[in-house]
2 protein chains.
Amino acid sequence: MRVTPENRRGYAKGRARRTEILDQAMALFGEAGYRGASLRTIATRCGISHPGLLHHFPTKEALLLAVLQRRDDVDDEWLALGVTRGVDHLRRLTDLAELNAKRRGIVELFSVVAAEATSPDHPAHAYFETRYRTSVANTERAYLQARDDGALRPGTDPATAAQQLIALMDGLQIQWLISDCTTDMAEVLRAHIRAQLTVEL
Amino acid sequence: MRVTPENRRGYAKGRARRTEILDQAMALFGEAGYRGASLRTIATRCGISHPGLLHHFPTKEALLLAVLQRRDDVDDEWLALGVTRGVDHLRRLTDLAELNAKRRGIVELFSVVAAEATSPDHPAHAYFETRYRTSVANTERAYLQARDDGALRPGTDPATAAQQLIALMDGLQIQWLISDCTTDMAEVLRAHIRAQLTVEL
DNA sequence: CCTACCGATCGGTAGG
DNA sequence: CCTACCGATCGGTAGG
């Protein structure tokens, strides 16, 4: 197919529409959960009909997975996985908590859908299973590197510390959401990590 | 009304039915969340029709609140609130995690519904708001008592430690559920608390 | 991208 | 406790 100005406009429009759908879907999945969100509501917020939405994403399930995948891509890039290491990586995680405190929608999305997805038949079950495994593994690697750098307090087990840190982040998000954002997630996280280190965070 | 054998049997039967409904509702709310659970499914599992269920609990919302309240009553009694104090109370919380590892349904119920209830319009929103506040307050009191007993490591702030411990318990439950019960919740909790104490846990 | 529709399911009520 | 029903809403499809 020849690339004419019309074609380019058409593709750009389609991409913009897809992005708008993903944004609105993220917000509603966060507010109402996957089960509680309806395609009609998402579509209306985008100014289209719900069969119009299904033209871009064939099923509700595909839409959810696209939303989750996009958020992960953005956050993984922001975390600079593979670049930062050791204590730097741990600090980066507290920075992420600080950033998340300005993005209620994203925090809602992951908190609510992760809880839903503990059911084995939930469409995002496998996604979150993998996500937790890799999150804990990445964090354990950071603790191991911190130990190699002599920054880890003796008696701190990297594997246990990794499970703790990921659990703490998730639990704090729930508290932050239910307490109407009065919990200082980043500061509570930093206090936890500081107690594990022999160096400044 | 005179207490005849017939009355007693009638009341006992009603109580037994109510208990069965609460048990089945707890299980399904945990599996599917509040929004995802239907009164018809709960009723069928009890061997009655869904209008039959609504004879015992007037609305779905009332049923949810009754389920949550009953679990809290049982757990508060088990925790022996007001009896155990200081380090004993912290140990009691790790014992609760150990007990919960044998009660997947209850863990699911609180994890899934708490996440749902972060929405301000969720029927259990106020319930969880209060629940978190009192849980954190009770835990902070235990840390303060531990400090008075000279059992708390210097530099550990009781208010922060309380937020951490509650968040850790909630986050570990999610990990435990999604990892198909391979996470050792109680042991990870104990490692966290030990690092804060100058005495044995 | 639309309108119009499908069958299924929801919480709750009427009336017994 | 039941049957029978209400209006609303759901995800998805037909057909254009």
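Naming convention: chains lettered A, B, ... in sequence-line order (proteins, then strands); numbering from 1 in each chain. No experiment lies behind these values; they were computed from the predicted model shown.
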Closest-nucleotide 5' rank along DNA chain C - winner of B:P51 and A:R17 = A:R17

Applying salt bridge (charged side-chain N to carboxylate O under 4.0 Å, His left out), name anything that partners B:R70, two or more places apart in sequence or on another chain.
-> B:D23

Does the side chain of A:V67 reach to within under 4.5 Å of the side chain of A:V113, using non-hydrogen atoms?
-> no

B:R190/B:E98 ion pair, N-O < 4.0 Å | yes

Which residue pairs pass the ring pair (Phe, Tyr, Trp, His ring centres under 6.0 Å) test when at least one of the two sits in residues 94-133 of chain A, sequence neighbours left out?
-> A:Y34-A:H122

Scan residues 54-68 of chain A against DNA chain D and write down, sorted by residue number, each residue with any heavy atom closer than 4.0 Å; if none is found, say none.
-> A:L54, A:T59, A:K60

All stems with DNA chain D, defined as three or more consecutive Watson-Crick or G-U pairs under 3.5 Å = C:1-16 with D:1-16

A:L90 vs A:L165, side-chain contact (heavy atoms from CB on, under 4.5 Å): CA-CA, chis, key distance, verdict = CA-CA 9 Å; A:L90 300 180; A:L165 193 54; 3.9 Å; yes

Sorted by first residue and then second, give each side-chain hydrogen bond (donor to acceptor under 3.5 Å, both in side chains) pair with at least one member in residues 39-57 of chain B; sequence neighbours left out.
-> B:E31-B:R45, B:S38-B:T41

Would B:D88 and B:R91 pass as an ion pair if we require N to O under 4.0 Å?
-> yes

With sequence neighbours left out, the residues meeting ring-ring contact (aromatic ring centres under 6.0 Å, His included) with A:Y143 are none

Do B:E187 and B:R194 sit within salt-bridge range, that is, some charged N less than 4.0 Å from a carboxylate O?
-> yes

Can you list, by residue number, the residues of residues 34-48 of chain B that have a non-hydrogen atom closer than 4.0 angstrom to DNA chain C?
-> B:A37, B:S38, B:L39, B:R40

Can you spot which of A:L28, A:L22, A:I48 makes a side-chain contact (heavy atoms from CB on, under 4.5 Å) with A:I42?
-> A:L28

Can you list every ring pair (Phe, Tyr, Trp, His ring centres under 6.0 Å) pair that touches residues 173-201 of chain A, not counting sequence neighbours?
-> A:H192-B:H192

By a strict heavy-atom criterion of less than 4.0 Å, which residues belonging to residues 114-126 of chain B are in contact with DNA chain C?
-> none

Without placing hydrogens or testing angles, list every side-chain donor-acceptor pair under 3.5 Å for residues 74-83 of chain A, not counting sequence neighbours.
from, atom 1, to, atom 2, distance (Å)
A:D75, OD1, A:R103, NH2, 3.4

For DNA chain D, which nucleotides open and close the run of contacts to chain B, 5' to 3', at under 4.0 angstrom from a non-hydrogen atom?
-> D:dC1 to D:dC5

Within residues 22-30 of chain B, residues whose heavy atoms come under 4.0 Å of DNA chain C = none

